Amino acid sequence: MATTQHQQSSNSATFGISLVSIIIFGVAMVIFGLVIGGVFTAKILPEQASEQAIATDGLFQVLLTIGSMVFFLVQGLLLISVIRFRHRPNDVTDGPNIHGNVTLEIVWTIIPSAIVVVLAILSYVVWQSNSAPQDQPNFVNGEPITINARGQRFAWTFEYVTNVELPAEEAGAVTVQNDGEESAPEMVSFTTNELHAYAGQNIELQMQTADVIHSFWIPAMRVKQDLLPGKETTIRFTPIATEEGFPYTTLQGPFDLLLEENGTRETRSFGDSTQLIVRVIGEESGGNLTRVQLDTGLQALVDSNLIGPKYARYRLNCAELCGGGHGEMYSYLIVHPDEESYLAAFYDGRVDAVLNPPADPILQGERAITAYACAGCHTLDALGWSGMTGPALNGIGDRAGGRAGSTGVSNGAEYIVQSIRHPQDYYVPGYNGVIMPVHDSTDDNTNTYMSQSDLIGIVAYLCSQTASGDITDSTCGLESWQAENNTLTDPAAVISELQALSDPYQE
Ligand code: HEC
Ligand SMILES: [Cu+2]
C-alpha cells in the first residue's frame, strides 16, 4: 500500500470537520453495530436447539456487529460526502490534490488486520470446542452405541448399531475363530430414515456416502459436515431442551380430525395404519379437544386423549446444492425430552422388532421399509413420506392388480416385487426414464441391497396400502391373502406365496 510521497501532500485535509463530529460519528457507528448485532442475531437464526448453537451464535453476533459497523462507516461516509462535497452551481474548480497519508495508511491497515486476526482466533476456538469429542457419546442405557449416517441420492438413512447382543443362533456366524479367540459378539442393529436423540445426549455420527458428496446440515443444531466418497467423516452435537419445548406428537390411527380451512370446519377420518405428525398448539373446550397444526399449515381439532408422547422435531437437510435432488434430500431429527421417553417411543421398540420379529409380514414390512431410502422419492401418507421424484405410493395396493394386467406379470404382488427389483422394466406411465435404484440381492455394499425377507415384508406392506384402509380390498391377487379384523389370518402362507414370487433369490 506504499505510495510515493510527494511534497504537495495536503495536510490541511480535515475539510473543516471537527474532532467532535468525528467522535459523534464513531459513537453512532458503535451503537448501530451493537443494536443490529444484538437485536437481529436471534431474529434471523433458527431456534438454538443444541449446546453448540450457543457458541456459534455468539460468534455470529460478533461478526454481524462488526459487519454492521463497517456498513455504517462506509455508507455513512459516502452519504456525508455526497451531501457535503456535492457539486454546486458555477463551481468549476477541481478538488484538492491529496497524495498519500502515511498515518491513514497505517491506521487502515492495522485496524482491519487486528479485527481479522481476532475473528480467526475466535472462530478457531468455537470450531474447536464444537467439534471436539465429547464425554459419553451416543450413550443409551449407560453405554455408547454407534450411529452411522448414510447419504445416498437422494435420501438419508441412519443405522443404529446398539449395545444389545444378538442371541448366538440369530447371529448365524461362528463365534469361535481359528486361533481359539472369541470374536466380538454381533450386536442388534436397525436402520431408520429419521434421526432420533434425546435432550442432553452427545450425538456422534459416523457418516458415509453411497455415491456423491452430500452435506449433512441441521440448522437448529448449527452443525454442518460434508460426506465424502471413500472417507468417513464425523459430526458431533448435543440437542438441548429449548424454550419451545417438545411441541410435536404422532397421532396414531384410527382418529377423526376436525379440520379448519378458510373458516369452515370439516371432519376427516383417518384409518388404522395412519400415523400423522402434528404440532400441538393447545387445549380447547375445557381440555376435551386439542388444537394441532399439520405440516401443510392447516389447523385442526382432535380429541385430547389421542395426544401421545411429545418430542421436538428439526429439519435435517442436504446442503450440497448441485441439482434439485439434494435440495429435496431432507429428513428430520427427532429429539425426545429425556432418555426414558427416547427408549419408550423409539429405541426399545426397534430393538425388540429385531429380537422378536412380528409374524405378520405386513408389520415386518412396515418396519423394514423405513430402512431404505424410499421416502426420498415417494409420497406415502401412512408413513409421513413426501418425496416427489417417483409416483405416490398411496393406494398402491388398489392399483397393483390393474398394473399387473398392463405389464403382463401374473398378479399385483408380483408387479410390486418387480417394481422394486427391476424398476426399469416397468416404468409407471408418466415416469419413463426417471430412475429408481435397483433393490436386489446383489450386495454392492450400498443400502440398495435388499434381503428377501425385507422384500417379502415390504411387498406385503405395500399390498396392504388401500385407499379404504381395509386390507381385503387389496388387488395384489394372493390366494392366501385372507383377513379377519383387518389382520392376515395365515401370515405364514402369505410369506411362502411371496417367497415363491420373489425366487430365485441369492442371500
Ligand atoms: C431415486 C428415487 C427412488 C427411490 C429411492 C425409490 N423409488 Fe420407487 N420409483 C421411483 C420412480 C421414478 C418410479 C417410477 C418409474 C419406475 O416405475 O421405475 C418408482 C416406482 C415405484 C413403484 C411402482 C409404483 C406404481 O405406482 O406402480 C413402487 C412399488 C416403488 N417404486 C417402490 C419403491 C420402494 C419400496 C422403494 C424403497 C425400497 C423405492 N421405490 C425407492 C423412484 C424411486
Ligand atoms: Cu445430497
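This structure is a prediction, so every number in the text was calculated from the model and none was measured. Counting starts at 1 for both ligands and their atoms, following the listed order.
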Hey, is [X] touching ligand 1 through its side chain, its backbone, both or neither, going by heavy atoms under 4.0 Å?
X: Ser419; result: side chain
X: Tyr426; result: backbone
X: Leu393; result: side chain
X: Tyr427; result: both
X: Ala400; result: neither

Heavy-atom contacts with [X] under 4.0 Å: which atoms of ligand 1 show up? List them by number with element.
X: Arg399; result: 26 (O)
X: Ala373; result: 5 (C)
X: Gly390; result: 10 (C), 11 (C), 12 (C)
X: Pro437; result: 1 (C), 3 (C), 4 (C), 5 (C)
X: Arg403; result: 27 (O)
X: Met450; result: 38 (C)
X: Ile396; result: 24 (C), 25 (C), 26 (O), 27 (O)
X: Tyr372; result: 38 (C)

- Query: Out of curiosity, Phe255 CZ to Ile307 CD1, how far, rounded to the nearest 0.5 Å?
  - Reply: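 That separation rounds to 10.0 Å.
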- Query: Roughly how far, to the nearest 0.5 Å, is the CD1 atom of Ile218 from the CZ atom of Arg315?
  - Reply: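 Those atoms lie 12.0 Å apart.
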Identity and separation of the nearest protein heavy atom to [atom]:
atom: atom 34 (C) of ligand 1; result: Cys374 SG, 3.6 Å
atom: atom 27 (O) of ligand 1; result: Tyr415 OH, 2.4 Å
atom: atom 13 (C) of ligand 1; result: Pro391 CD, 3.3 Å

- Roughly, to 10 degrees, what angle do His378 atom NE2 and Met436 atom SD form around atom 8 (Fe) of ligand 1? 180°
- Item | Heteroatom test (N, O or S) for Ser215 near the Cu ion (ligand 2), limit 2.8 Å |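 No N, O or S atom of Ser215 is closer than 2.8 Å to the Cu ion (ligand 2), so no.
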Please check if any side-chain donor atom of [X] sits under 3.5 Å from a side-chain acceptor atom of [Y], or the reverse.
X: Asn485; Y: Thr487; answer: no
X: Thr466; Y: Asp398; answer: no
X: Gln136; Y: Gln134; answer: no
X: Glu159; Y: Asn148; answer: yes
X: Tyr372; Y: Asp454; answer: yes
X: Ser215; Y: Asp226; answer: yes

- Query: Less than 4.5 Å apart, any side-chain heavy atom of Pro137 and any of Arg236?
  - Reply: no
- Consider ligand 1: state whether an atom of it lies below 4.0 angstrom from any non-hydrogen atom of Ala155.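 No, Ala155 has no heavy atom closer than 4.0 Å to ligand 1.
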- Parallel, tilted or perpendicular: ring planes of Trp156 versus Phe158, cut at 30 and 60 degrees: parallel
- Query: Does the side-chain hydrogen bond (donor to acceptor under 3.5 Å, both in side chains) test come out yes or no for Tyr415 and Thr475, once each step is laid out?
  - Reply: CA-CA 11 Å; Tyr415 167 70; Thr475 61; over 6 Å; no
- Message: Between the Cu ion (ligand 2) and His326, which N, O or S atom of the residue is the nearest one?
- Response: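 Considering only N, O and S atoms, His326 comes nearest to the Cu ion (ligand 2) through ND1.
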- the Cu ion (ligand 2) - name of the N/O/S atom of His214 that sits closest to it: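 Going by distance to the Cu ion (ligand 2), the closest N, O or S atom in His214 is ND1.
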- Query: Taking atom 2 (C) of ligand 1 as the point of reference, which of Gly376, Cys377, Gly387 owns the nearest heavy atom?
  - Reply: Cys377
- Query: Do any N or O atoms from the side chain of Thr489 and from the backbone of Gln482 form a donor-acceptor pair under 3.5 angstrom?
  - Reply: yes
- Taking the six-membered ring for Trp, are the ring centroids of Phe346 and Tyr342 within less than 6.0 Å of each other? yes
